[in-house]
Amino acid sequence: MSLIGWIFVVLAVLTFAGALYKVYITAYKMPISKEKMKRIKARQAEVEAQEAREKEQD
(Lines give C-alpha, C1' and ligand atoms only; values in the text may rest on other atoms or scores of the structure.)
Protein backbone atom coordinates (compact mmCIF):
# COMPACT_ATOMS: atom_id res chain seq x y z
CA MET A 1 0.00 0.00 0.00
CA SER A 2 1.31 3.43 -0.81
CA LEU A 3 2.12 6.09 1.75
CA ILE A 4 -1.06 8.04 1.03
CA GLY A 5 -3.10 4.89 1.68
CA TRP A 6 -1.47 4.42 5.09
CA ILE A 7 -2.12 8.06 5.91
CA PHE A 8 -5.82 7.61 5.14
CA VAL A 9 -5.98 4.45 7.25
CA VAL A 10 -4.30 6.16 10.19
CA LEU A 11 -6.60 9.19 9.90
CA ALA A 12 -9.67 6.96 9.79
CA VAL A 13 -8.56 5.02 12.88
CA LEU A 14 -7.73 8.21 14.78
CA THR A 15 -11.06 9.77 13.85
CA PHE A 16 -12.92 6.68 15.06
CA ALA A 17 -10.90 6.52 18.29
CA GLY A 18 -11.48 10.22 18.92
CA ALA A 19 -15.22 9.84 18.47
CA LEU A 20 -15.30 6.90 20.87
CA TYR A 21 -13.26 8.84 23.42
CA LYS A 22 -15.62 11.81 23.16
CA VAL A 23 -18.60 9.55 23.83
CA TYR A 24 -16.77 7.93 26.75
CA ILE A 25 -15.92 11.18 28.53
CA THR A 26 -19.42 12.61 28.16
CA ALA A 27 -21.40 9.45 28.89
CA TYR A 28 -21.74 9.88 32.66
CA LYS A 29 -22.32 13.60 32.88
CA MET A 30 -25.96 14.25 33.65
CA PRO A 31 -26.51 17.57 35.37
CA ILE A 32 -29.44 17.45 37.77
CA SER A 33 -30.52 20.44 39.80
CA LYS A 34 -30.56 20.19 43.59
CA GLU A 35 -34.34 20.61 43.64
CA LYS A 36 -34.88 17.80 41.16
CA MET A 37 -32.46 15.53 43.06
CA LYS A 38 -34.41 16.24 46.26
CA ARG A 39 -37.67 15.20 44.52
CA ILE A 40 -36.00 12.05 43.18
CA LYS A 41 -34.75 11.07 46.65
CA ALA A 42 -38.19 11.76 48.19
CA ARG A 43 -39.91 9.63 45.54
CA GLN A 44 -37.37 6.85 46.05
CA ALA A 45 -37.99 6.86 49.81
CA GLU A 46 -41.74 6.80 49.19
CA VAL A 47 -41.47 3.80 46.87
CA GLU A 48 -39.20 1.94 49.29
CA ALA A 49 -41.63 2.58 52.16
CA GLN A 50 -44.52 1.32 50.04
CA GLU A 51 -42.58 -1.82 49.09
CA ALA A 52 -41.76 -2.43 52.76
CA ARG A 53 -45.45 -2.14 53.68
CA GLU A 54 -46.40 -4.56 50.90
CA LYS A 55 -43.73 -6.98 52.07
CA GLU A 56 -45.05 -6.85 55.65
CA GLN A 57 -48.57 -7.67 54.44
CA ASP A 58 -47.40 -10.91 52.80
Side-chain angles (χ1 to χ4, degrees):
M1 191 183 317
S2 67
L3 180 62
I4 196 75
W6 283 110
I7 291 173
F8 281 127
V9 168
V10 169
L11 284 175
V13 169
L14 289 176
T15 301
F16 183 72
L20 284 179
Y21 180 71
K22 182 70 173 176
V23 169
Y24 173 76
I25 62 173
T26 60
Y28 297 106
K29 293 181 182 177
M30 192 168 91
I32 298 176
S33 67
K34 290 182 180 182
E35 179 182 321
K36 190 168 187 174
M37 184 57 82
K38 187 190 291 186
R39 289 197 323 252
I40 290 170
K41 295 290 185 183
R43 176 66 180 143
Q44 182 180 4
E46 180 182 319
V47 168
E48 288 174 356
Q50 182 180 5
E51 288 175 351
R53 283 191 304 255
E54 289 175 359
K55 197 172 192 178
E56 288 176 0
Q57 290 178 354
D58 291 339

Sequence-distant partners of E46, salt bridge (charged side-chain N to carboxylate O under 4.0 Å, His left out), two or more places apart:
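Counting only residues at least two positions away or on another chain, E46 forms a salt bridge (charged side-chain N to carboxylate O under 4.0 Å, His left out) with R43.
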Mind checking what makes side-chain contact (heavy atoms from CB on, under 4.5 Å) contact with E51, not counting sequence neighbours?
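Checked E51 against side-chain contact (heavy atoms from CB on, under 4.5 Å); matches are V47.
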Holding to side-chain contact (heavy atoms from CB on, under 4.5 Å), I want the full list of residues that pass it with I4, two or more places apart in sequence or in another chain.
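For I4, the residues satisfying side-chain contact (heavy atoms from CB on, under 4.5 Å) (neighbours in sequence not counted) are S2, F8.
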Name the atoms and distances for all side-chain donor-acceptor pairs under 3.5 Å in residues 31-38, with sequence neighbours left out.
| unit_1 | atom_1 | unit_2 | atom_2 | d |
| --- | --- | --- | --- | --- |
| S33 | OG | K36 | N | 3.2 |
| E35 | OE2 | R39 | NH1 | 3.4 |

Taking the hydrophobic residues Ile, Leu, Val, Met, Phe, Trp and Tyr, and joining any pair whose side-chain heavy atoms are under 4.5 Å apart, which ones share a cluster with L3?
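Its cluster partners, ordered by chain and number, are I7, L11.
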